[in-house]
Amino acid sequence: MMRFRKTMCALLALTCMMAVGCTTKVTENHSDTPTVTAPPVDETVESYEEIKTFMGESASFGNMTVTVTKVMNPEIIMENSGKMAVFFELTIKNDTEAAVETNYLNNFALTVDGTYFESQECFTIPAMKKLYDATGAEAFQTEIAPGSSVTGTLAAEVPQNFNDLHLHFIPKTTDRGSRVTVELSRDDMTPME
């Protein structure tokens with residue numbers, strides 16, 4: 001009787017799965033317990049589009065164009081982290097037909113010597129405060145009208161001994177892998193004026 005119930009339960013489960021479009025394979029093993037085997041998982045590889053450029057050069061993604069014009073060393077060491085502050089001056093042009101909200105927390109990320117950091121890990125409030133104290137500039141956060149350009153500044157915390165920085169501009173915040181990457185090195189940095 002117990003074997004009959006287990007078999008019926010397995011058959012009911014199979015019937016329900018088939019009714020909703022699932023495919024399964026039910027086999028009976030020698031331990032009186034039916035085994036349900038799921039179909040193989042279709043592993044799809046997500047592909048991203050990354051446009052690479054360098055300081056002073058413009059690159060576009062999704063009708064948004066970014067140009068990094070300066071990477072500045074303000075010679076500021078962050079008290080809490082021991083990292084150094086780096087300021088980026090950039091221009092973003094909106095060639096779409098709608099206004100686009102752009103800000104440092106949603107549209108940027110940074111790779112430092114091969115390690116990727118989301119915005120909240122590097123474009124910190126303390127770094128932005130240092131930017132304001134040193135230059136009077138606010139953190140990059142603005143609405144860009146259709147057909148217009150905006151120039152702004154970002155402030156990041158990076159390890160003092162870094163070699164390479166990749167600043168990522170991410171126009172579509174729901175697709176973090178598709179972006180413009182500006183490849184920068186320590187040699188691209190200039191002292192604060």
Side-chain angles (χ1 to χ4, degrees), residues 45-94 100-144 149-193:
V45 177
E46 291 187 48
S47 62
Y48 300 109
E49 185 177 357
E50 183 175 38
I51 310 298
K52 294 184 179 182
T53 190
F54 300 95
M55 190 170 87
E57 297 178 5
S58 298
S60 298
F61 187 94
N63 294 326
M64 299 290 288
T65 302
V66 64
T67 308
V68 174
T69 54
K70 286 185 192 173
V71 181
M72 297 168 279
N73 179 2
E75 298 184 7
I76 297 172
I77 302 301
M78 305 301 295
E79 297 87 19
N80 292 340
S81 67
K83 295 180 178 180
M84 68 183 285
V86 175
F87 300 161
F88 303 89
E89 184 181 272
L90 59 135
T91 300
I92 298 176
K93 184 175 183 195
N94 177 7
V100 176
E101 185 68 37
T102 305
N103 69 64
Y104 70 96
L105 283 177
N106 293 329
N107 299 100
F108 297 94
L110 197 62
T111 297
V112 182
D113 292 331
T115 302
Y116 179 83
F117 297 97
E118 275 295 346
S119 57
Q120 67 273 13
E121 299 173 290
C122 53
F123 301 113
T124 64
I125 300 295
M128 297 299 175
K129 181 168 180 353
K130 295 292 184 187
L131 171 67
Y132 182 78
D133 292 345
T135 67
E138 297 282 338
F140 196 99
Q141 186 167 326
T142 188
E143 183 178 277
I144 308 172
S149 297
V150 172
T151 297
T153 311
L154 296 171
E157 294 187 38
V158 300
Q160 293 184 47
N161 60 349
F162 83 91
N163 291 312
D164 297 309
L165 294 173
H166 292 177
L167 177 65
H168 307 289
F169 171 60
I170 304 160
K172 187 176 178 184
T173 59
T174 56
D175 182 2
R176 306 292 293 168
S178 296
R179 58 197 178 206
V180 173
T181 296
V182 184
E183 297 183 2
L184 305 161
S185 73
R186 196 172 194 97
D187 294 337
D188 291 319
M189 290 182 66
T190 58
M192 281 283 294
E193 297 172 359

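- Using a cut-off of 4.0 Å between Lys/Arg side-chain N and Asp/Glu carboxylate O, Glu79 and Lys130 are scored as salt-bridged.
- Looking at Thr124, its side chain does come within 3.5 Å of a backbone N or O of Ala127 through a donor-acceptor pair.
- Interatomic distance, Asn73 CG to Arg186 CZ, rounded to the nearest 0.5 Å: 7.0 Å.
- In this structure the side chain of Phe88 never reaches within 4.5 angstrom of the side chain of Tyr104, judged on heavy atoms.
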Audit row: Val86, Met189, side chain to side chain contact (heavy atoms under 4.5 Å, CB included) steps and yes/no: CA-CA 9 Å; Val86 175; Met189 290 182 66; 4.2 Å; yes
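- Between atom OG1 of residue Thr181 and atom NE2 of residue His166 there is a gap of 7.5 Å, rounded to the nearest 0.5 Å.
- Note: Thr151 OG1 to Leu90 CG = 7.5 Å, rounded to the nearest 0.5 Å.
- Residues Thr65 and Ile92 are not in side-chain contact: their nearest non-hydrogen atoms beyond the backbone lie 4.5 Å or more apart.
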Side chain to side chain contact (heavy atoms under 4.5 Å, CB included) between Val158 and Leu165, worked out: CA-CA 9 Å; Val158 300; Leu165 294 173; 3.9 Å; yes
Using a 3.5 Å cut-off and no angle test, enumerate the donor-acceptor pairs between side-chain atoms of residues 106-118 and protein atoms at least two apart in sequence or in another chain.
residue	atom	partner	partner atom	Å
Asn107	OD1	Asn103	N	2.9
Asn107	ND2	Ile170	O	2.9
Thr111	OG1	His168	NE2	2.7
Asp113	OD1	Asn163	N	3.0
Asp113	OD1	Asp164	N	2.8
Asp113	OD2	Asn163	N	3.2
Tyr116	OH	Glu118	OE2	3.0
Glu118	OE1	Arg176	NE	3.4
Glu118	OE1	Arg176	NH2	2.5
Glu118	OE2	Arg176	NE	3.3

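- Counting all heavy atoms, side chain and backbone alike, Pro74 lies closest to Ala85 at CD-O, 3.2 Å.
- Of the candidates Leu154, Thr153, Val71, Thr153 is the only one forming a side-chain contact (heavy atoms from CB on, under 4.5 Å) with Phe87.
- In this structure, CD on Glu57 lies 13.0 Å from OG1 on Thr69, to the nearest 0.5 angstrom.
- Checking side-chain atoms of Thr142 against main-chain N and O of Ile144 turns up no donor-acceptor pair under 3.5 Å.
- The side-chain heavy atoms of Val150 and Phe140, taken from C-beta on, include a pair separated by under 4.5 Å.
- Closest approach of Ala155 and Leu131 over heavy atoms only: CB-CB, 3.7 Å.
- Of the possible donor and acceptor atoms, one in the side chain of Gln160 sits under 3.5 Å from a partner among the backbone N and O of Gly82.
- Looking at heavy atoms from C-beta onward, Leu184 lies out of side-chain contact with Phe54 at the 4.5 angstrom threshold.
- Taking CD1 from Ile76 and NZ from Lys83, the interatomic distance works out to 16.0 Å, rounded to the nearest 0.5 Å.
- At least one side-chain heavy atom of Met72 sits less than 4.5 Å from a side-chain heavy atom of Glu89.
- Contact annotation: the side chain of Ser178 never approaches that of Lys172 to less than 4.5 Å [non-hydrogen atoms, C-beta and beyond].
- The nearest pair of heavy atoms linking Met55 to Val68 is CG-O, 3.3 Å.
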Audit row: Ser149, Thr91, side-chain hydrogen bond (donor to acceptor under 3.5 Å, both in side chains) steps and yes/no: CA-CA 7 Å; Ser149 297; Thr91 300; over 6 Å; no
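- Heavy atoms only, all atoms of each residue included: Ser81 and Glu157 are closest at OG-OE1, 2.6 Å.
- Between Val180 and Thr53, some side-chain heavy-atom pair lies under the 4.5 Å cut-off.
- By the neighbour-count criterion of 12 heavy atoms within 6.0 Å, atom CG of Asp133 is densely surrounded, having more than that number from other residues, nucleotides or ligands.
- With a 4.5 Å cut-off on side-chain heavy atoms, Glu75 and Met192 do not count as touching.
- At least one test fails for Arg179 against the ring of Phe61: distance under 6.0 Å to the centre or angle within 45° of the axis.
- Shown here for Met64 and Pro171, the closest heavy-atom pair between the two residues is CG-CB, 4.2 Å.
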